[in-house]
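Here's the structure, in structure tokens; my notes come after.
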Amino acid sequence: MSEELKPDPKQTDVQEAELAAQNMAEGKEKVPEVDFDVDYEASKEYSVSDVDKSEAGS
């Protein structure tokens with residue numbers, strides 16, 4: 001499930017982030033595509049320790 005990011009320069013607290021958001025809003029810079037489902041599935045590989053995957057962690 002990809003979602004479209006809508007950058008808002010008013011919601012930033014760093015000048016570089018504000019500039020990037022302005023550039024994205026004006027179409028000068030590409031807005032990144034984020035697929036939350038794919039990212040979530042990939043994160044599962046890192047969220048469980050090896051001991052928890054074994055019988056010792058049960």
Side-chain angles (χ1 to χ4, degrees):
M1 170 176 85
S2 291
E3 293 188 21
E4 182 179 338
L5 296 177
K6 296 180 182 176
D8 184 356
K10 297 175 186 170
Q11 293 183 345
T12 64
D13 59 354
V14 180
Q15 186 177 10
E16 290 178 4
E18 182 178 347
L19 180 60
Q22 286 175 344
N23 287 341
M24 286 182 230
E26 294 171 3
K28 296 178 183 176
E29 205 170 305
K30 183 181 176 189
V31 177
E33 291 183 22
V34 179
D35 191 331
F36 293 102
D37 293 330
V38 170
D39 287 349
Y40 176 70
E41 292 301 319
S43 74
K44 289 179 181 178
E45 293 180 29
Y46 302 104
S47 64
V48 180
S49 68
D50 291 335
V51 72
D52 288 332
K53 293 178 184 177
S54 70
E55 290 295 319
S58 300

Partners passing side chain to side chain contact (heavy atoms under 4.5 Å, CB included) against Lys30 (at least two apart in sequence or in another chain): none

Output all residues satisfying side chain to side chain donor-acceptor pair (under 3.5 Å) with Glu26, sequence neighbours left out; order by chain, then residue number. Lys28

I need the Glu29 CD to Leu19 CG distance, nearest 0.5 Å. 7.5 Å

